[in-house]
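In what follows, a structure is listed as structure tokens, so that the remarks can point back to it.
The analysis underlying the following values was restricted to heavy atoms, covering all of them including side chains, and did not include hydrogens, waters or symmetry mates.
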Amino acid sequence: QQTVDPVEPRIAIIGAGISGTSAAYFLSKTTGLNPKIDIYSKDPVGGRMATVNIHGFDFETGGSILHPRNRYMKQFAEEFGFKQKKGISGKFGLYDGSGFVYSEGDWSVLNVASLLWRYGFSLLKVNTLIGDMLNQFERIYNVQDDGYAFSNVADLLSAMDPSFNLMLERTLEEGLKQMGVSSLFIDELANAIMRVNYGQSTDAHQFVGSVSLAGAETGLWSLRGGNKKVPQALLNASRAHFHEEEVEAIHLNTDGRFSLRFKENDEMPSYDAVILATPVTNDTSSFGFENFPRQFHFPGRYHQTICTMVQGEVNHKTFGFADASSIIDDIFTTNRTLFFNSLARNYPVDMDDGEGDAPSVWKVFSNEPLTKEELNTLFSSINETYVIHWKAYPEYDGTISTGNFTLHPGLYHINAIEFAASAMEMSVIGARNVALLAASHLGVDIQDRKAQSFHIEL
Ligand SMILES: Cc1cc2nc3c(=O)[nH]c(=O)nc-3n(C[C@H](O)[C@H](O)[C@H](O)COP(=O)(O)OP(=O)(O)OC[C@H]3O[C@@H](n4cnc5c(N)ncnc54)[C@H](O)[C@@H]3O)c2cc1C
Ligand SMILES: CC(C)=CCC/C(C)=C/CC/C(C)=C/CSC[C@H](N)C(=O)O
């Protein structure tokens with residue numbers, strides 16, 4: 001039988017990205033516990049929220065954009081006094097490998113008209129679809145404020161809307177077709193948005209596809225100074241102790257507590273609860289789970305996304321622009337066989353878009369590293385390149401069912417939520433769910449703690 005100090009339980013969190021740090025924050029601020037939390041991470045705080053420095057300016061290379069209805073991230077930014085970075089919606093175009101099937105010009109009214117002309121009612125239908133989906137999605141905030149938590153992802157999605165689980169069983173293409181959306185919209189716009197956001201296609205399931213389409217709406221934002229300021233601020237606010245340490249194994253002790261074994265440290269501290277805040281598929285992390293009554297399986301794999309940051313000039317001839325000044329800011333691709341997914345102008349995190357004298361920096365997303373030849377096709381001149389290999393988000397091929405948050409009483413996994421959709425806000429929702437589960441395991445009546453819940457100002 002496990003004996004837990006009801007006032008100061010010891011909790012270990014593995015991973016210091018947005019999942020791990022927000023779990024620490026929720027545990028220490030909203031559960032009524034006064035936990036002693038250790039956060040272990042083999043990489044710096046922030047994880048997949050990261051920047052690269054190019055000539056004295058930082059640029060986002062991982063989690064970049066937030067949706068205006070991502071309430072937790074918004075609330076964190078407000079609570080920590082962080083400013084939003086002002087974006088500009090540059091012109092975008094859809095490139096099929098030989099030319100643009102659609103490209104924006106200088107007049108916004110004409111752009112709307114020509115989008116409508118090309119995609120007709122499909123544009124309006126998808127707009128409504130995403131609006132409806134977001135309305136249902138937002139129900140999770142009240143559910144969590146009321147102290148409800150779920151031991152698996154399917155139940156959490158059902159709490160938003162019972163039909164969300166059906167969206168995991170059909171592809172985005174099938175879902176859109178069922179709604180009467182045209183093949184042209186699916187093949188071009190929806191496909192291009194899936195390629196830029198998840199490096200995948202409309203063959204991905206409809207839930208992540210809808211999140212991806214939401215990620216192409218207007219009003220998207222990011223944090224001035226870099227998104228990774230949030231995990232750092234959450235870590236500080238939670239007063240958790242950060243240890244740069246790789247965890248090799250989690251051992252279930254005979255008293256029901258857990259011990260951790262590290263790669264480069266002989267200590268084996270023990271805890272009342274352990275939270276995994278990192279992907280745990282075979283291709284991402286490998287943990288030993290020792291002495292548990294059953295074996296854990298983490299099916300699926302993560303998509304390789306290569307983020308190539310280039311300081312240089314785009315080759316206007318490749319894209320058929322008259323000259324360098326006609327180049328548009330966002331080039332999305334529709335062709336599944338093309339060697340790159342997107343090419344977009346990027347601005348430093350410390351400046352509003354278009355402000356000041358920033359170097360000309362472009363972000364290219366591709367599924368494979370770009371060859372010298374490919375880089376020379378895209379750019380007429382290159383001063384510097386920085387290449388980041390990400391195990392970015394799951395492969396959403398529809399064959400993997402979503403998994404469990406609760407692996408064993410006292411042992412939880414936040415990133416199970418990524419198989420529904422990987423996004424910063426999803427991680428925070430998963431983290432709050434797991435914080436509630438852990439608090440309940442540690443003896444807190446979580447629904448009774450409504451008064452301490454995390455209230456969002458709208
Ligand atoms: C290129 C790219 C672009 C993206 N763009 C967006 C976007 O625009 N908007 C959006 O909302 N989302 C975006 N995402 C997704 C978003 O960044 C992630 O969903 C989110 O940051 C995941 O956070 P996390 O804390 O769950 O995981 P991570 O940030 O990956 O953190 C896990 C941490 O655990 C550590 N770890 C792993 N194994 C061990 C171990 N054995 N011992 C100790 N530590 C360990 C790792 O070092 C890592 O730092 C993007 C992701 C990528 C890669
Ligand atoms: C979770 C909800 C309801 C909405 C999130 C919508 C959103 C912001 C989706 C984007 C997800 C994602 C993985 C984007 C990656 S690419 C981002 C950007 N274009 C870049 O250049 O880095």
_Are H413 and F298, when compared by the centres of their aromatic rings, separated by less than 6.0 Å?_
yes
*Mind checking whether Y72 and Y141 have ring centres under 6.0 Å apart?*
yes
*Indicate, with yes or no, if the rings of Y25 and F76 have centres closer together than 6.0 Å.*
yes
*asked:* For K228, is there an ion pair with D58 - N to carboxylate O distance below 4.0 angstrom?
replied: no
*Please determine if E418 and R48 form a salt bridge, counting it only when a charged side-chain N lies under 4.0 Å from a carboxylate O.*
yes
*Rounded to the nearest 0.5 Å, what separation is found between the CG atom of L94 and the CG atom of D187?*
12.0 Å
_Polar side-chain atom of N404 near backbone of L407 as donor-acceptor pair, under 3.5 Å_ = no
*Between F365, F319, Y95, F332, which is the residue that forms a side-chain contact (heavy atoms from CB on, under 4.5 Å) with L343?*
F319
*Rounded to the nearest 0.5 Å, what separation is found between the CG atom of L168 and the CZ atom of F419?*
12.0 Å
*Taking atom types as modelled and ignoring hydrogens, do the side chains of S64 and K363 form a donor-acceptor contact shorter than 3.5 angstrom?*
yes
*Residues forming a side-chain hydrogen bond (donor to acceptor under 3.5 Å, both in side chains) with N346, sequence neighbours excluded*: none
*Would you please test T337 and N335 for side chain to side chain donor-acceptor pair (under 3.5 Å) and show each step?*
CA-CA 5 Å; T337 62; N335 181 339; 2.7 Å; yes
_Sidechain-backbone polar pair: Q304 side chain, N367 backbone, donor-acceptor under 3.5 Å_ = yes
Cut-off 3.5 Å, no hydrogens considered: what does the side-chain donor-acceptor table look like for residues 306-315, sequence neighbours left out?
| unit_1 | atom_1 | unit_2 | atom_2 | d |
| --- | --- | --- | --- | --- |
| Q311 | OE1 | H55 | NE2 | 3.1 |
| N315 | OD1 | K317 | N | 3.2 |
| N315 | ND2 | T318 | OG1 | 3.3 |

_Taking the basic N atoms (NZ, or NE/NH1/NH2) and the acidic carboxylate oxygens, is any pair closer than 4.0 Å for E78 and K74?_
no
_Heavy-atom donor-acceptor pair, K125 side chain to G120 backbone, under 3.5 Å_ = no
*Taking the six-membered ring for Trp and the full ring for Phe, Tyr or His, determine whether the centres of F405 and F150 are under 6.0 Å apart.*
no
*Is a side-chain donor or acceptor of K85 paired with a backbone partner of D350 at a separation under 3.5 angstrom?*
no
*Quick check: does any side chain N or O of W390 sit under 3.5 Å from a backbone N or O of T61, one acting as donor and the other as acceptor?*
yes
*Do D323 side-chain atoms and S326 backbone N/O form a donor-acceptor pair below 3.5 Å?*
yes
*Has the side chain of E425 got a donor or acceptor atom that lies under 3.5 Å from a matching backbone atom of M73?*
yes
*asked:* Between H67 and R69 (side chain of the first, backbone of the second, donor and acceptor by atom type, cut-off under 3.5 Å), is there such a pair?
replied: yes
*How far does CZ of R432 sit from OG1 of T31, to the nearest 0.5 angstrom?*
10.5 Å
*Take S151 and T406 through the test side chain to side chain donor-acceptor pair (under 3.5 Å) and record every step on the way to the result.*
CA-CA 5 Å; S151 61; T406 306; 4.7 Å; no
*Side chains of T51 and N53: is there a donor and an acceptor less than 3.5 Å apart?*
no
*asked:* Applying side chain to side chain donor-acceptor pair (under 3.5 Å) to S381 and N383, what does each step give before you reach the verdict?
replied: CA-CA 7 Å; S381 69; N383 291 338; 5.5 Å; no
*Is the backbone N or O of N282 less than 3.5 Å from a side-chain atom of S286, with the two atoms forming a donor-acceptor pair by type?*
no
*Say whether, by atom type as modelled, one donor and one acceptor occur between the side chain of Q200 and the main chain of Y396 under 3.5 angstrom.*
yes
*Could you grab the distance from atom CD1 of I130 to atom OG of S210, nearest 0.5 Å is fine?*
4.5 Å
*asked:* Is it true that N236 and Q232 share a donor-acceptor pair across their side chains at a distance under 3.5 Å?
replied: yes
_Exceeds 12 heavy-atom contacts within 6.0 angstrom, atom CD of Q178_ = yes
